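Just so it is clear, the model here is predicted, and its values are computed rather than measured.
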Amino acid sequence: MGPALSAPARRAFQAVITATAVLAALALFVSACATGGTGARDEGPAGADAVAGKLSPTPMASAYATPDDVDAVRLVEDDPGVAASVKRALKPCVGDEYPVDVSYGDLTDGVADDVVVNVMTCSDAVGVGSYVYREASDGYRNVFRAEESPVYAEIDRGDLVVTKQVYKKDDPVTSPSGENVITYRWTAGRFALEYRTHNEYSGAVDGDAPTTAPN
């Protein structure tokens, strides 16, 4: 690398570059007028995609479009495999707001996103049931359920991760002693246990920092 230019030299160099660019643009404009064209407008706007390659003439629909029309509450209510106690908890908390968390993602390599539904209590948001529904030709079918409360399921990089909080005697609902985290992966048409960990919460400091141990 050569020596750095002094401030006056840098300004002189930048002036030369600017003048060269202006002259080049002027020459391009004159050339376009001479041939009767419209200059750069003949090619259309060049966006970021145009630099990478030819633009697709029509947008392509995602293979995993979010199924916004899925009624998660109805799925659980109509599911004969859901425990009666969970269905009793599935009532509106305020107005028409149900105690459910719903997420969508590719868990089973299907033709559409799978639906993960967590049913909770209204009073303290404790998970009472977690379910996965997979789209089939005649609707959605339940391919996973966990009803050992408190439980919560979520999607993590294509895996199903189920968290079950652990309470010891006299633990308040808001302060479990630990949790079991179980990871499942879709294999041969079913969810198979991939691995699990157990986290013990420390009561020595606020925030209950967990300590992880294999289980």
Checklist entry - Taking C-beta and beyond as the side chain, do Tyr133 and Val76 meet within less than 4.5 Å on heavy atoms? => result yes
Checklist entry - Taking it one step at a time, do Val161 and Ile182 satisfy side chain to side chain contact (heavy atoms under 4.5 Å, CB included)? => result CA-CA 6 Å; Val161 178; Ile182 309 168; over 6 Å; no
Item to check | Under-4.0 Å salt bridge between Lys164 and Glu148 | outcome: yes
Next on the checklist: For Val181 and Arg196: C-alpha separation, side-chain torsions, deciding distance, then whether side chain to side chain contact (heavy atoms under 4.5 Å, CB included) applies.
Outcome noted: CA-CA 6 Å; Val181 182; Arg196 70 170 70 208; over 6 Å; no
Next on the checklist: To the nearest 0.5 Å, what is the distance between CZ on Arg74 and CG on Asp79?
Outcome noted: 13.0 Å
Checklist entry - Donor-acceptor pair, Thr121 side chain versus Val126 backbone, under 3.5 Å? => result yes
Checklist entry - Does the side chain of Val162 reach to within under 4.5 Å of the side chain of Leu160, using non-hydrogen atoms? => result yes
Checklist entry - Do you see a donor-acceptor pair shorter than 3.5 Å between the side chains of Asp101 and Tyr152? => result yes
Item to check | Heavy-atom donor-acceptor pair, Arg134 side chain to Thr108 backbone, under 3.5 Å | outcome: yes
Item to check | Between CG on residue Asp114 and CD on residue Glu135, distance to nearest 0.5 Å | outcome: 9.0 Å
Checklist entry - So which heavy atom on Gly127 is nearest to which on Ser149, and how close? => result O-OG, 2.9 Å
Next on the checklist: Surrounding OH of Tyr167 (heavy atoms of other residues, nucleotides or ligands, distance under 6.0 Å), is the total greater than 12?
Outcome noted: yes
Checklist entry - Honestly curious: do Val132 and Tyr104 fall in one hydrophobic cluster under the side-chain, below-4.5 Å linking rule? => result no
Checklist outcome for this item: The residue among Val70, Val100, Asn142 that forms side-chain contact (heavy atoms from CB on, under 4.5 Å) with Leu75 is Val70
Checklist entry - Can you check whether Val166's main-chain N or O pairs, donor with acceptor, with Ser177's side chain at less than 3.5 Å? => result no
Next on the checklist: Between Asp156 (side chain only) and Asp159 (backbone N and O only), is there a donor and an acceptor less than 3.5 Å apart?
Outcome noted: no
Checklist entry - Quick one: are the ring centres of Phe144 and Tyr131 less than 6.0 Å apart? => result no
Next on the checklist: Is any side-chain heavy atom of Val116 closer than 4.5 Å to one of Glu154?
Outcome noted: no
Next on the checklist: Is there a side-chain contact between Val151 and Thr163 in this structure, where contact means two heavy atoms from C-beta onward sitting under 4.5 Å apart?
Outcome noted: no
Next on the checklist: Rounded at 0.5 Å granularity, tell me how far CG in Asp170 sits from OG in Ser175.
Outcome noted: 12.5 Å
Item to check | Side-chain donor/acceptor of Glu147 to backbone N/O of Val82, under 3.5 Å | outcome: no
Checklist entry - Quick one: are Trp186 and Leu107 in side-chain contact, heavy atoms under 4.5 Å? => result no
Next on the checklist: Within this structure, what is the CG-CE distance for the pair Leu90 and Met120, rounded to the nearest 0.5 Å?
Outcome noted: 10.5 Å
Next on the checklist: Do Gln165 and Pro150 have side chains that approach each other closer than 4.5 Å (heavy atoms only, starting at C-beta)?
Outcome noted: yes
Next on the checklist: Side chains of Asn118 and Ser130: any donor to acceptor distance under 3.5 Å?
Outcome noted: yes
Item to check | Common cluster, Val143/Ile155, ILVMFWY with side-chain heavy-atom separation under 4.5 Å | outcome: yes
Checklist entry - Under the 3.5 angstrom rule, does the side chain of Lys168 hit a backbone N or O of Gly178 as a donor-acceptor pair? => result no
Item to check | Asp109 side chain reached by Asp106 side chain, heavy atoms, under 4.5 Å | outcome: yes
